[in-house]
Amino acid sequence: MSKINPAPKNPSGSNPLLGPAQALECISAELTKACKVAGRGGGVTITAVSKKHKVETILPALEAGHRTFGENRVQEAMEKWPSLKDKYAGIKLHLIGPLQSNKAKEAVALFDVIETLDRPKLARVIGDEIQKQGRNPVLLVQINTGAEPQKAGILPEDVDRFMGQCQSEYGLTIAGMMCIPPIHEAPAPHFALLHKLANRYGLQTISMGMSADYKIAAKLGASHVRIGSAIFGARG
Ligand SMILES: *Cc1c(COP(=O)(O)O)cnc(C)c1O
């Protein structure tokens, strides 16, 4: 007789032994609850982060009807997503990793949301590609809320200037902001800061929170949480 052991839990409380579809359901219920506790409306979209996972691992989420996904590398996304986009209507693919200017053409062609607009040169190149391709990805500005020297993103004190530049020099419409808090700090102050900055510009799209802290992010006003391992398990 085999004994049934309780499955191990990851730090977020989600169970990696659940399939992606069940994990998405659990997380979605937790997000609804977190919003209710915080007294906020609006709902939270789960960006299922499928980086480093094979198509066969992603398929159950698509089959269950999930449509919002995140990848951090242009090259990897180009190998996996064009055929999936043909097969499943309504996919929203988010770029959540750093974008090199020389990959902007491919990124504008493939992604529906670019979350990592983080410097003037990239804003210019993306603006040029939008003109050329007639494609209009939703753009988020990445904010370096912890002012970490090694991390990408606009410093909080430079946000005003950059937002102005995007609009007046590069003709870009910015829809929202994203952040990745410092790894060894409590995330809540960073989420609160991002929410405050986005509010200052009337921006509705706020991408913050990952597997370990999505409930906190939801309470503090995230419109999108980027969740990888709690949905698809550990990355190889
Ligand atoms: C990988 C990644 C995530 C997802 O991380 P998990 O801890 O697996 O949920 C979220 N955001 C960004 C920018 C990432 O690169």
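If you read the sequence from its start, that first residue is 1, and numbering goes on from there. Note that ligands are numbered from 1 as they come in the structure, with each ligand's atoms numbered from 1 the same way. From a predicted model like this one, the values you see are computed outputs, not experimental measurements. Side chains included, hydrogens not; waters and symmetry mates left out as well; all remaining heavy atoms used.
- With no hydrogens or angles considered, a side-chain donor-acceptor pair links His190 and Thr145 at under 3.5 Å.
- Atoms of ligand 1 found under 4.0 Å from any heavy atom of Ile180 (numbered from 1 in listed order, with element): 13 (C).
- Atom 12 (C) of ligand 1 has Ile96 CD1, 3.5 Å as its closest protein atom, hydrogens excluded (heavy atom only).
- Side-chain contact check for Ser223 and Gln204: no donor-acceptor pair (N or O, by modelled atom type) lies under 3.5 Å.
- For the pair Arg135 and Asp112, the salt-bridge criterion is met [side-chain N within less than 4.0 Å of a carboxylate O].
- Close contacts between ligand 1 and Ile227 involve ligand atoms 9 (O) [criterion: under 4.0 Å to a heavy atom].
- Regarding atom 10 (C) of ligand 1, its nearest protein heavy-atom neighbour is Met210 SD, 3.1 Å.
- Here the shortest heavy-atom distance to atom 2 (C) of ligand 1, taken over Glu71, Arg226, Lys51, belongs to Lys51.
- Counting the atoms of ligand 1 from 1 in the order shown, those under 4.0 Å from a heavy atom of Gly228 are 4 (C), 6 (P), 8 (O), 9 (O).
- Nearest to atom 6 (P) of ligand 1 among the protein's heavy atoms is Ser211 OG, 3.5 Å.
- In this structure, a donor-acceptor pair under 3.5 Å is present between the side chains of Ser211 and Ser229.
- In this structure, Glu115 has no heavy atom closer than 4.0 Å to ligand 1.
- Among all non-hydrogen protein atoms, the one lying nearest atom 5 (O) of ligand 1 is Arg235 NH2, 4.0 Å.
- Taking the six-membered ring for Trp and the full ring otherwise, Trp81 and Phe69 have centroids separated by under 6.0 Å.
- Using modelled atom types, one finds a donor on one side chain and an acceptor on the other under 3.5 Å when comparing Ser207 with Glu115.
- Taking the side chain as every heavy atom from C-beta outward, Met177 and Leu197 approach each other to under 4.5 Å.
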